[in-house]
Protein chains: 2
Amino acid sequence: MDSFETSRFSFHPSGDLPRADAQDRRLNQNLPPPALCPAGTEIYAQGEVCNSLYRVEFGGVRIYRLLSDGRRQISAFQLAGETFGFEADSTHHFFAETICASGIRMLQSKSAHDDLTIDFLPMALRSLLHAQEHLLVLGRQNSIERVAAFLLEMSERQGGLRQVELPMSRLDIADYLGLTIETVSRVFSKLKHRGVIRLPSLRSVEIVRWQTLQNMAS
Amino acid sequence: MDSFETSRFSFHPSGDLPRADAQDRRLNQNLPPPALCPAGTEIYAQGEVCNSLYRVEFGGVRIYRLLSDGRRQISAFQLAGETFGFEADSTHHFFAETICASGIRMLQSKSAHDDLTIDFLPMALRSLLHAQEHLLVLGRQNSIERVAAFLLEMSERQGGLRQVELPMSRLDIADYLGLTIETVSRVFSKLKHRGVIRLPSLRSVEIVRWQTLQNMAS
DNA sequence: CGAAAAATTGATGGGCGTCAAGTCAAGTGG
DNA sequence: CCACTTGACTTGACGCCCATCAATTTTTCG
């Protein structure tokens, strides 16, 4: 838990978007422009009042909690096309930050609250399913199984391709899988040496032996 | 992962309910009587089509998943008054079984699907919050912190009393906390010897030093 | 009471965290 | 272009927490 980047989400970051603020505000009452956020931008914090939902236009977001001593658990990554930010009450119970340069669009919920309520039930249920499935990973799987499951999940969310892009750092992966950065790195190396994956670059993985990886994920 | 009890949920278990079946069926089209289920009764299984929701009238239910080798992770306990069984699609993705003698009421969803949809969004969101909070426990807390958090959660769900009833076995607790039954037992003993809790019986706990337990849960 | 199940307690070992050093890639300034 | 810095990642050594295996005790229930 070293240093985190700490810029702050702002709806119209100066210089990031075309300069047409007044016009945008009028025209896009229902479709505001996305904000361009560098890596580590805080979208919202635990304890804040939530008055909007958010959609990832491109890039990715980590949803996480902290313990008082700094231990961090990422409960989910939200990738391009996904909506996040719904809560059980009017308060955010988690932190949300970009994991890389991202486009984040605010969705207003005040005026169209009921519409959103209906639309977002399926999303909430899928989030619930994902969280519950992740409980099995964190509660019962060892480090190799966790990393294998993670790679397969990322591949599946990118269309099931052998070439997987990892928009997040090793530390993010570790905090998602309930491991340390060192253990994640060791497992990556082990999978590479066994010929299960290749690592063309730090943040891209090629799955060479798909079935083997499947078996590893249990 | 030894032997589990395996009776099967049936809507009108003979001998468990007052004999007025025909009348009940007519009168309770919208309010069917609860089925009385002994411990270990399967309510539904992973992969089954889901055509109903369920409410716990008394007792409790475990929601869980299995790995192919038998490792089990309980994602939630549902206690008296709580509703469970909603899924992201028409299939159950988990198992549900009673953890003790319980009364389970089926809620029909076919005819009143939209009503339920609206009513159950808050429930789904609270389930989501609970699952995400549990991810922090499983991903980042040690055995003492897990047990402490569990005892406080059970107390809170029973009105915040010092006297807590545990309707589930040690194995269930272990599979909820991602530990072994032996570790759970050892932590219970340690808390007892430190004077943090008392164990009047196997399935009841008295929290003696509340603040200490709070601190332990981090 | 007697048998079976559940829970506790002990001994031991391994997996993963911790600490530390080394490697690599990207960026900066002379 | 190259020395230097910086941050991210990798690799190694070591130790601890918790799983595993095993024996015993306690509880439950016929």
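On a predicted model such as this, the values are computed, not experimentally measured, just so you know. Chain letters run A, B, ... following the sequence lines, proteins first and then strands; every chain starts at 1.
Around the CD atom of A/E156, the shell of radius 6.0 Å holds no more than 12 heavy atoms that belong to other residues, nucleotides or ligands.
Listed by chain and number, the residues in a ring pair (Phe, Tyr, Trp, His ring centres under 6.0 Å) with A/F86 amount to none (sequence neighbours excluded).
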Could you write nucleotides 16-25 of chain C as a row of B, S and -, 5' to 3', where a protein heavy atom under 4.0 Å of any base atom gives B, of only sugar-phosphate atoms gives S, and otherwise -?
SSBBB-----

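Under the 4.0 Å criterion applied to side-chain N and carboxylate O atoms, A/R140 and A/E145 are not assigned as salt-bridge partners. Under 4.0 Å is where a charged nitrogen must lie from a carboxylate oxygen, and between A/R72 and A/D172 at least one such pair does.
Note: CZ (A/F188) to P (D/dT11) measures 12 Å, nearest angstrom. Distance CG (A/D172) to C1' (D/dC9): 14 Å, rounded to an integer number of Å. In this structure, the CD1 atom of A/I197 is 13 Å from the C1' atom of D/dT10, given to the nearest Å. A straight line from CG of B/L199 to P of C/dA7 spans 12 Å, rounded to a whole angstrom. Taking atom NZ of residue A/K190 and atom P of nucleotide D/dG12, one finds them 12 Å apart after rounding to whole Å. Distance, A/L171 CG to D/dT10 P: 12 Å, rounded to whole Å. B/I181 places its CD1 atom 15 Å from the C1' atom of D/dC18, with the value rounded to the nearest Å. Whole-Å rounding puts the B/R170 CZ to C/dT9 C1' distance at 14 Å.
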Test side chain to side chain donor-acceptor pair (under 3.5 Å) on A/Q132 and B/Y64 and set out the steps.
CA-CA 9 Å; A/Q132 289 173 326; B/Y64 68 93; over 6 Å; no

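Across all strands, B/S201 comes closer than 4.0 Å to no nucleic acid atom at all (heavy-atom distances). Using a 4.0 Å heavy-atom distance criterion, B/S189 is classed as a sugar-phosphate-only contact.
No side-chain heavy atom of A/S204 sits less than 4.5 Å from a side-chain heavy atom of A/L166.
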